[in-house]
Amino acid sequence: MIVLEYILLIGLIVCAIAAPLCKRLLAAVIVYMAFSLMMAVLWSLLQSPDLAITEAAVGAGVTSILFFLTLKKVHALKGTHDE
Amino acid sequence: MSKKIDETSGWLQRFAAWVDGDREPPDRTLLVMERRPHRDFRPTEEEFERREKDRLRKFFNWYPIAATVICVVMAAILLTTVMNMPGFGDEDNPINNEVSERYLEHGAEETGSENVVTAMIIGYRGFDTLGESCVLFLAVAAVMILLLRDEKNTTGRELHQLEREEAGAREHADLILQQVAKVLTPFIFLFAIYVLLNGETSPGGGFSGGTILGAGVILFSAAFGVQRTQRFMNRRTYSVVRTFGLMLYAVLYGIYIFIGANGLPNHLAGMILLIDLAVGLVVACTMYGFYALFSRGEI
Amino acid sequence: MLSDIIQNRYAVTAVILFGIGFTNLMLQQNLLRKVIGFNIMDSAIFMLLASLGYIDGGVAPIVGDRGFDPLYINPIPSGLVLTGIVVSVSITAFSLALIQRIYRRYGTIEMRELLDRAKKEDD
Amino acid sequence: MRPFIENFPFFSIFLAILAGILTATIRSGRAAYWVTIGVCAASAVLNAFVLEYTYLGDLSFTYTMGRFLAPYGNAIKCGPLQALLTTVFSLVMGTSLAGGRRDLFQDILPQKQRLYFVMVNMILASLLALTYTNDAFTGYVFIEISTIAACALVMAKDNGPNLIATIRYLFMSLVGSGLFLIGLTVLNSITGYLLMPSLSEAVEGLKVTGDYAIPLTVSVGLITAGLGVKSAMFPFHLWLPDAHGGATTASSAILSGLVLKGYIVLLLLMILRVFSLELIVELGAADVILAFGVLGMIFGSLAAMRESHIKRMLAYSSVAQIGYIFMGIGLGTVEGLVASCFHILVHACCKPLLFLCAGRLSAVSGHHKSLKNLRGSAYRDVGAGLGFTVGALSMIGIPLFGGFVSKLYFANASLPTGMTAMTLLTIALSTVLNALYYVPALLAIWVKPPAEDEAAVLADVHAGELAFDQAFTAADILLVAAIFVLGIFYHPITDVIEAGVRLI
């Protein structure tokens, strides 16, 4: 269990550093999604299942969808350019 | 008397300008009583632009340095702080005081919820939760101001393109997505309703359940198109459900506070379930509202 | 020192994450990355808050008839974080909507170019 | 069974929230406008009753939000000071809306006007809650409400520069609330409470035992810095001129006059109720606040002098005035706090008046905002010209106007401290600087331009703009009267504030 904890904590830091450094915005958002998922697992390790459910639904679900829609609108996704 | 701020002026003004960080063109005449002469702007404008660019560049040169210093100092201070904070996982930490004890021991009988987190956010600290629902409501309203279609933010061409895309999506529907959605959506809804209604006895409650419900509606809408979603969630139902949910919650809670503060007898025993339901509806509507506004500019 | 860090591992991670998020919020030129930075910063604060309520060997605070009386973790931080998460998703949605409109108006989401273009239009 | 009147603070908050939810369903913008005005008036009346009750009874009471007594549930606390502040806030909110009505209905698209009023109602609710709250986390939630709503007020005009100003404002606000929340987290971890009286006891205990000295200091610093960023304390003011200068008239008035004050009031509550003045002075936080306040007074004015855009000039002047308030807090004495509270009132009346008059003056000059183009505009709407003059003279600090009294109190408060010379000099310097930019503005609007210029300007103006604006004139008269009341009959008001600070 403790090993998993360390892996997750280090993973969080790596993701947090990587997310804004990714060259493509899409990659940044996906890394942020991974960050959210790890956070959700950590919260269930911290015995807060309420938070884990909410974080999984909000962070990895709704927020990411909103990010993707925004990426589409600002033409940062491949293949969505006008004309 | 006129005051000029340019490269030749005193250090005080330049320092002020620097601190100020303002990138507006400095006004050359402070006293504007005399009639403005017809100036020929051509030669000065270029110089002006150059100077402006210079200033902007300067700002962008020093800003990262200052910000980095601030961030590093901040992180160092916080690191020292947490090293001096109560240890992790210790039972004797100041945060584990009589408040949490009371929540754990009497939460179930006082609020009727076995999940103490739900008991706390809806029973003990309900006013925060009311504020939080207001934040959600406000966020949707603010996104509506920005993205709801109007003559300022949507041109006819864009509208036309949107329609074309929707028509295209209807004709060439994404089969994989539809099949997956067909299987998944009932389970998501079921799970959402379970989480929503069992907030008292198991993890979850209004916020989690509402978000999952919203995510389910979003999946349905993405897979089967707007038309089929609008059968059960058009603009009218949307605004009715959202407003009704929040009103129900606010009024219930208002009565609850009034009764509680005045020490009147309490007849709102099953309130948690109702409030959870109202909160769940509000949250689900909010999430779907974000999605709809972001993708189509309409609900 | 090292044992201190290991003891307070959650808090230390949270502070590092806070620093990263804060730096991104202040330094990034791209508005979307700024928003990601803000989200990381908020998550870090929530993690700090949630880790405070944890008690070694505690279980989730769902009281019921289990036949024995286990040690529960502190429910207060969990409740506060739940509030915080919902607030942060609202703000994220709002800022993303704002970014969409800015892109539509100016055609860029880089802060520097944005200020440049706005200045040009002003003149 | 408590006296029925003690429910009134809760009723006023609740009314504003309900009105915010309801206005989202009203279709017509005008109806939403009247609902909002009604709510402001009702809230002012309710809070005025509370003021009378608490001041005459010389008491303050805690109202539990729910069945659970402190420290288990939420609570609000009400004394004379809070009641006075909320009464003035509600009144000024309604007045600002009335005064900026014409601009508002022009600047905002008809189908989105109702959403604007949702924001206004929620801002009123958050201002009331921030003033009344007795719980630090409730403070955080309402700070976020006010952040979103304030940003929405800025961008409601919906043109390019406004969007950029909004996003800068938003990011700066997020930094502020992040700092506040992490400060609160640290404080919570070392004390274990969120309710202010329990927090205060715990902090007292920590001070005696000397435990957790570093976290306590850091949390004081973070909370002050967070609220300072949000209320445009000096080095963090860069977002303010764009945001306040570009918004529609009513928004500028509300943001500059009221929203900034909400955060300052919360800071005051945290300082007085939780940390206590002695701790703030002991930790040196007071000196830092004082330094930033003094710097803000000077640099805000210097920046305002360089502006020719009238609304941006007023926005920079707000930075200077906020500097005054922080200087009063930084003196670290009760007298300083009383002066600060009085200045909050004065500024809450003056700045909306100036913004409303500036908006009206630019409306009658073809919506030009530059001082050059406003020449002689005071003759086109004499009421607006007079209002602007009164506001400006009060800002400079001419006797009989409100601003003079607050400067007098600041000077008085600085006498027993060790900072007398510096404070007095700064006040004098700031007065001179204020005069240096307000007097030219006054001259500009009152000096008649040559006839051909006048004709050129008039050709530019829409005929409807020159028509008599009843709502504006009413707002104008009300705020001018308020400034004279604050300037002449200030004794009863300072008595209320002193009682309020004592009973806080």
Side-chain angles (χ1 to χ4, degrees), chain B residues 23 45 48-49 52-53 56 60 64 67-68 70-72 74-75 78-79 81-83 85-91 93 95-96 99-100 103-105 107-108 114-117 119-121 125 128-129 131-132 135-136 138-140 142-143 146-147 153 201-203 207-208 283 286 290 293-294, chain C residues 1 4-5 7-12 14-16 18-20 22-23 26-27 29 48 51-58 60-64 71-80 82-87 89-94 96-98 100-101 104-105 112 115-116 119-120 122-123:
Chain B
R23 294 163 312 285
E45 204 173 68
F48 219 50
E49 209 168 88
E52 274 311 302
K53 278 226 171 96
L56 206 63
F60 278 114
T68 317
I70 292 177
C71 294
V72 169
M74 185 100 162
L78 282 175
L79 217 54
T81 313
V82 294
M83 296 316 268
M85 253 158 54
F88 170 72
D90 199 343
E91 211 184 326
N93 283 347
I95 198 167
N96 303 320
V99 180
S100 68
Y103 287 180
L104 286 169
E105 274 168 21
E114 284 174 11
N115 183 353
V116 183
V117 177
M120 175 194 151
I121 60 175
R125 301 184 61 85
D128 291 353
T129 316
E132 184 189 354
V135 172
L136 280 172
L138 262 185
V140 179
V143 173
L146 282 168
L147 295 182
N153 64 17
T201 51
S202 65
F207 288 103
S208 336
V283 175
T286 308
F290 284 149
L293 286 167
F294 270 55
Chain C
M1 185 70 190
D4 270 359
I5 290 179
Q7 171 64 36
N8 272 343
R9 55 195 177 277
Y10 279 92
V12 170
V15 166
I16 294 173
F18 181 84
I20 295 170
F22 195 74
T23 317
M26 303 273 279
L27 278 178
Q29 289 301 314
L48 181 63
S51 76
L52 295 172
Y54 183 71
I55 297 171
D56 278 330
I62 297 167
V63 297
L71 183 65
Y72 295 111
I73 67 154
N74 193 332
I76 300 174
S78 303
L80 301 184
L82 203 56
T83 311
I85 289 179
V86 176
V87 169
V89 71
S90 318
I91 287 180
T92 308
F94 176 48
L96 288 178
L98 204 55
Q100 283 189 21
R101 282 301 305 276
R104 207 197 294 264
R105 177 74 172 69
R112 200 168 174 162
L115 290 178
D116 255 356
K119 179 81 32 192
K120 222 165 260 163
D122 237 18
D123 296 338

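Keep in mind it's a predicted model, so treat the numbers as computed, not measured. Naming convention: chains lettered A, B, ... in sequence-line order (proteins, then strands); numbering from 1 in each chain.
Counting heavy atoms from C-beta outward, B/V135 and C/V86 have side chains that stay 4.5 Å or more apart. At a threshold of 4.5 Å between non-hydrogen side-chain atoms, the residues C/I5 and B/M83 count as touching. In this structure the side chain of C/D56 never reaches within 4.5 angstrom of the side chain of B/E91, judged on heavy atoms. Two residues are said to be in side-chain contact when any heavy atoms from C-beta on lie closer than 4.5 Å; B/T201 and C/I62 fail this criterion. Contact check for B/T68 versus C/L27: side-chain heavy atoms found under the 4.5 Å cut-off. B/V116 places none of its side-chain heavy atoms less than 4.5 Å from the side chain of C/Y72.
When the candidates B/N93, B/V140, B/L104 are compared by the number of heavy-atom contacts under 4.5 Å with chain C, B/L104 comes out ahead. Counting heavy-atom pairs closer than 4.5 Å to chain C, the top residue among B/V117, B/I121, B/V283, B/T81 is B/V117. Of all the listed residues (C/G53, C/G19, C/G79), the one sharing the greatest number of non-hydrogen pairs under 4.5 Å with chain B is C/G79. Your options are B/G131, B/A142, B/C71, B/P64, and the one with the most heavy-atom pairs under 4.5 Å with chain C is B/C71.
With a 4.5 angstrom heavy-atom cutoff, C/Y54 touches chain B via backbone and side-chain atoms both. Neither the backbone nor the side chain of C/I20 comes within less than 4.5 Å of any heavy atom of chain B. With a threshold of 4.5 angstrom between heavy atoms, C/I91 does not approach chain B through any atom at all. For a residue to count as touching a neighbouring chain, one of its non-hydrogen atoms must lie under 4.5 Å from one of that chain's; by this rule C/Y10 touches chain B with the side chain only. Residue B/P86 touches chain C through its backbone alone, counting heavy-atom pairs closer than 4.5 Å. Neither the backbone nor the side chain of C/R105 comes within less than 4.5 Å of any heavy atom of chain B. Heavy-atom distances place no part of C/I85 under 4.5 Å from chain B, backbone and side chain included. Contacts of C/R112 with chain B are made by both backbone and side-chain atoms, with heavy-atom separations under 4.5 Å.
Of all heavy-atom pairs between C/N8 and B/V82, the closest is ND2-O, 3.0 Å. For the residue pair B/F290 and C/S90, the shortest heavy atom distance occurs at CZ-CA, 4.4 Å. In terms of heavy atoms, B/Y103 sits closest to C/P75 at CB-CG, 4.3 Å. When all heavy atoms of C/A93 and B/V143 are compared, the pair lying nearest together is O-CG2, 4.1 Å. Nearest approach of B/S100 to C/N74, heavy atoms of both residues: CB-OD1, 3.2 Å.
One distance of note links CD of B/E132 with CG of C/L82; it measures 6.5 Å at 0.5 Å rounding. For the atom pair CD1 of C/I76 and CD1 of B/I95, the computed distance is 6.5 Å after rounding to the nearest 0.5 Å. Residue B/D90 holds its CG atom at 9.0 Å from CD1 of C/I55, rounded to the nearest 0.5 Å. Within the model, atoms CZ of C/F94 and CG of B/L138 stand 9.5 Å from one another, a figure rounded to the nearest 0.5 Å. Of the inter-residue distances, the one linking C/Q100 atom CD with B/L293 atom CG reads 9.5 Å to the nearest 0.5 angstrom. The line from CD1 of B/I70 to CE of C/M26 is 4.5 Å long, rounded to the nearest 0.5 Å.
Between the side chain of B/D128 and the backbone N or O of C/T83 there is no donor-acceptor pair closer than 3.5 Å. Looking at C/Q7, its side chain does come within 3.5 Å of a backbone N or O of B/F88 through a donor-acceptor pair.
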